[in-house]
Amino acid sequence: MRPHQLPQFAGRPAAGAIGHNRGVVQRNYAFMPPEGVLVSRLPHFEKTIARMLAAPVLGARFAQYVLEIEPGGGTKVPFAEEGVQHFYYGLSGEATFAIDGSASGSFHPGSFAYVPGGTRFSLRNDSGAPVRVLGLRKRYEPAPGFAVPEPILSHRDAVPLTNHTGMQGRGFQFLLPYGDMRFDFEMNLMWFKPGAFFPDVETHVMEHGLYMLEGQGLYLLGQDWHEIWAEDFIWMGGYCPQQFYPTGFGDACYLLYKNVNRDVAL
């Protein structure tokens, strides 16, 4: 078969000689659409594809993944990492999440789990359909006088929507207890009504992992604007100028990781 006779893949743009790419990787930020994130696998998961979004090799001080779990897949046995915390958020499908000595239950879109370092947990797909879960790992930074947090297994519907900035049309759901100094990071759902936006370009020490859940918008990273929609991922390092402006007709929502509550390491 000659090159010009090769079949075209439905729903995918032709790459062409120089490729078709929305993704950008810079010194202190990265914008990664899902089509460019290749598959990998993890030894403690079976029948599971891992799409790695953030890792230290990128510059991040945490790791983030999308896990695609086939029916009958998930953790092979209850799993734990000493000194490393885990956070999981349900994207699609229905799985079962269990934390040793704490809680277990259905894990579906909007469900989330926080697992302290050294605590065994399991994530299994016993349904007949695929499951997608967003996962994050971060080495715990202890603080003098504060104990390690307890495990959490909950759902976003159980978390109040706040507007602590006072800006109309912009809401927050703090999935981990806000202001609790035992935690060294936050996982927040950020909601925007059409026309709502960040009032300023932020430039701060915290780094972010941002996963777009709903809607679309324009995101400023450094000096460039990027169009972002569901399933896109952004890593922002410290002091990366950033701003979000929703552009869709419906609500926009993303899940945002942020490191907080600890002094600067010198």
Q85 and D184: side-chain hydrogen bond (donor to acceptor under 3.5 Å, both in side chains), yes or no, with the steps?
CA-CA 10 Å; Q85 328 165 77; D184 60 0; 3.0 Å; yes
Heavy-atom donor-acceptor pair, [X] side chain to [Y] backbone, under 3.5 Å:
X	Y	value
R156	L189	no
H208	G238	no
R139	V84	no
E68	T48	no
N21	G23	yes
N125	I69	yes
R51	Y65	no

Work out which heavy atom in [X] is nearest to a heavy atom in [Y]; give both atom names and the distance.
X	Y	result
P34	D232	CD-OD1, 3.2 Å
G217	T247	CA-OG1, 3.4 Å
P71	S127	CB-O, 3.3 Å
G222	Y29	N-CE2, 4.1 Å
P194	G248	CB-O, 3.8 Å
I99	I152	CD1-O, 3.8 Å

Check: [Y] and [X] side chains under 4.5 Å, non-hydrogen atoms:
X	Y	value
P199	R170	yes
F97	L153	yes
D251	F192	no
H86	E81	yes
L175	L255	yes
T75	V77	no
L221	F31	yes
P151	P116	yes

According to a 4.5 Å side-chain heavy-atom criterion applied to Ile, Leu, Val, Met, Phe, Trp and Tyr, with indirect links allowed, do [X] and [Y] form part of one hydrophobic cluster?
X	Y	value
I234	L134	no
L136	Y88	no
W191	Y245	no
L256	F174	yes
F172	L210	yes

Y257 and Q64 side chains, donor-acceptor separation under 3.5 Å
no
Distance only, no hydrogens: is a donor on one side chain within 3.5 Å (strictly under) of an acceptor on the other, for S106 and E94?
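Short answer, yes.
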How about NZ on K76, more than 12 heavy atoms from neighbouring residues, nucleotides or ligands closer than 6.0 Å, or not?
yes
Counting only heavy atoms not in R182, do more than 12 fall under 6.0 Å of its CZ?
yes
Going from [atom1] on [X] to [atom2] on [Y], what distance comes out if it is rounded to the nearest 0.5 angstrom?
X	Y	atom1	atom2	answer
T96	L123	OG1	CG	8.5 Å
F87	R137	CZ	CZ	15.5 Å
E150	T119	CD	OG1	10.0 Å
E186	D180	CD	CG	10.5 Å
M206	R262	CE	CZ	14.0 Å

For V24 and H226: C-alpha separation, side-chain torsions, deciding distance, then whether side chain to side chain contact (heavy atoms under 4.5 Å, CB included) applies.
CA-CA 9 Å; V24 177; H226 302 267; 3.7 Å; yes
Would V133 and V66 satisfy side chain to side chain contact (heavy atoms under 4.5 Å, CB included), going step by step from the backbone distance to the final call?
CA-CA 6 Å; V133 173; V66 170; over 6 Å; no
Run the ring-centre check on F112 versus F107 and record whether the distance is less than 6.0 Å.
no
Between F233 and M212, is the side chain to side chain contact (heavy atoms under 4.5 Å, CB included) condition met? List the steps.
CA-CA 6 Å; F233 176 78; M212 194 73 177; over 6 Å; no
SB check E46 R124 (cutoff 4.0 Å)
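Looking at E46 and R124, the cut-off is met.
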Please step through side chain to side chain contact (heavy atoms under 4.5 Å, CB included) for the pair L220 and F244, ending with a clear verdict.
CA-CA 6 Å; L220 175 68; F244 178 64; over 6 Å; no
Under the ring pair (Phe, Tyr, Trp, His ring centres under 6.0 Å) criterion, do F183 and Y114 qualify, and how do the steps go?
CA-CA 10 Å; F183 291 89; Y114 169 77; 5.1 Å; yes
Between F121 and F79, how do the two ring planes meet: parallel, tilted or perpendicular, split at 30° and 60°?
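Perpendicular: the ring planes of F121 and F79 meet at over 60°.
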Go through the steps to decide whether E207 and K138 satisfy the test salt bridge (Lys or Arg N to Asp or Glu O under 4.0 Å), and finish with yes or no.
CA-CA 13 Å; E207 70 170 334; K138 181 185 183 299; over 6 Å; no
Do R22's NZ or CZ and the ring of W229 fall within the cation-pi criteria of under 6.0 Å and 45°?
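Yes.
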